[in-house]
There are 2 protein chains.
Amino acid sequence: MDIRRQVGMNVARIRREQGLSQEELAFRSGLHRTYISGVERGIRNPTITVIQEIASALVVDVAILVASTKQNSKYSGIRY
Amino acid sequence: MDIRRQVGMNVARIRREQGLSQEELAFRSGLHRTYISGVERGIRNPTITVIQEIASALVVDVAILVASTKQNSKYSGIRY
DNA sequence: TTGTGACTCTTAGTCCGTG
DNA sequence: TCACGGACTAAGAGTCACA
């Protein structure tokens with residue numbers, strides 16, 4: 001599983017859970033709307049600082065964004 | 001707390017726990033030794049794919065490398 | 001509201017060294 | 001064994017018009 005797709009799926013899922021548009025997330029994270037789009041689709045290869053900014057805008061830990069879907073599909077199963 | 005330092009401390013700590021040199025980790029991860037050095041010191045801004053390669057070489061999950069564990073700050077009294 | 005190609009500018013990442 | 005620097009090439013950051 002490509003880590004970029006994994007991060008993208010997590011960002012998109014959490015963003016939707018919070019009822020945000022890509023544009024709103026872009027504004028909150030200080031990134032461009034099309035860049036957020038690229039990250040969510042897994043075609044961008046973001047640096048750790050960018051991921052940090054997105055995580056901050058979503059008010060979640062960076063570890064949540066890089067976690068495999070299998071682990072965080074149900075929060076109950078997470079082991080740290 | 002700078003996420004880059006956080007990742008750097010985690011990489012350095014886990015690498016030492018496994019008794020590996022920077023050069024050995026560089027070889028296993030397919031990255032350059034000077035780059036590993038920079039990541040550990042927090043002066044590099046690695047992409048998510050690079051972090052995954054390092055995580056793979058250390059046989060840990062990516063989430064472990066980005067985790068902000070309070071244990072790290074007082075680990076061995078290291079000053080950064 | 002989001003996807004996409006095509007950019008420019010900046011930095012990620014390599015390779016040569018030294019102390 | 002590692003920190004650190006200079007110079008370099010590949011790739012990411014960041015933006016836009018348009019679909």
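Chain identifiers are assigned alphabetically (A, B, ...) following the order of the sequence lines, protein sequences preceding nucleic acid strands; residue numbering begins at 1 within each chain.
Distance check, rounded to the nearest 0.5 Å: OG1 of A:Thr49 to CZ of B:Arg4 gives 6.5 Å.
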Bracket notation of DNA chain D in which parentheses pair within the strand, [ ] cross earlier pairs, and | pairs with another strand (Watson-Crick or G-U, under 3.5 Å) = .||||||||||||||||||

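Nearest-nucleotide positions on DNA chain D place B:Leu20 closer to the 5' end than the other of A:Asn45 and B:Leu20. Each of A:Gln22 and B:Thr49 was assigned the nucleotide of DNA chain C with the nearest heavy atom; the assignment lying further toward the 5' end belongs to A:Gln22.
The base of C:dG3 is paired with the side chain of A:Arg33 by a donor and an acceptor separated by under 3.5 Å. Remark: the A:Thr34 side chain and the D:dC16 base include a donor-acceptor N/O pair separated by less than 3.5 Å.
Taking the side chain as every heavy atom from C-beta outward, B:Ile51 and B:Val39 never approach each other to under 4.5 Å. With a 4.5 Å cut-off on side-chain heavy atoms, A:Ile36 and A:Ile54 count as touching. Taking the side chain as every heavy atom from C-beta outward, B:Val11 and B:Leu65 approach each other to under 4.5 Å.
For the OP1/OP2 pair of C:dT1 and a distance below 4.0 Å, the side-chain nitrogens and oxygens of A:Ser21 include no atom meeting the criterion. The shortest distance between the side-chain N/O atoms of B:Ser37 and the OP1/OP2 oxygens of D:dC2 is not below 4.0 Å.
If you take CD1 of A:Ile48 and P of D:dA13, they are 11 Å apart, rounded to a whole angstrom. If you take OH of B:Tyr35 and C1' of D:dG5, they are 17 Å apart, rounded to a whole angstrom. Computed from coordinates, the A:Arg44 CZ to D:dG12 P distance equals 9 Å when rounded to whole Å. The separation between A:Phe27 atom CZ and C:dT1 atom C1' is 18 Å, rounded to whole Å. If you measure from atom CD1 of A:Ile51 to atom P of D:dA13, you get 9 Å, rounded to the nearest angstrom. The NE2-P distance, from B:His32 to C:dG17, rounds to 11 Å in whole Å. Spacing between atom CG of B:Leu25 and atom P of D:dA3 amounts to 12 Å, rounded to whole angstrom units. Regarding B:Glu40, its CD atom lies at a distance of 15 Å from the P atom of C:dG13, rounded to whole Å.
Here A:Arg4 lies out of heavy-atom contact (under 4.0 Å) with every strand. A:Ile43 comes within 4.0 angstrom of nothing in the nucleic acid, heavy atoms only. Residue contacts for A:Arg15: at a heavy-atom cut-off of 4.0 Å it reaches the sugar-phosphate backbone alone, with no base atom in range.
Looking only at distances, no side-chain donor or acceptor of A:Glu53 sits under 3.5 Å from a matching main-chain atom of A:Gly30.
Note on B:Leu20 and B:Phe27: separate hydrophobic clusters, where clusters join Ile, Leu, Val, Met, Phe, Trp and Tyr whose side-chain heavy atoms are under 4.5 Å apart, directly or indirectly.
Screening residues 26-38 of chain B for salt bridge (charged side-chain N to carboxylate O under 4.0 Å, His left out) gives B:Glu24-B:Arg28 as the qualifying pairs, with residues at least two apart or on separate chains.
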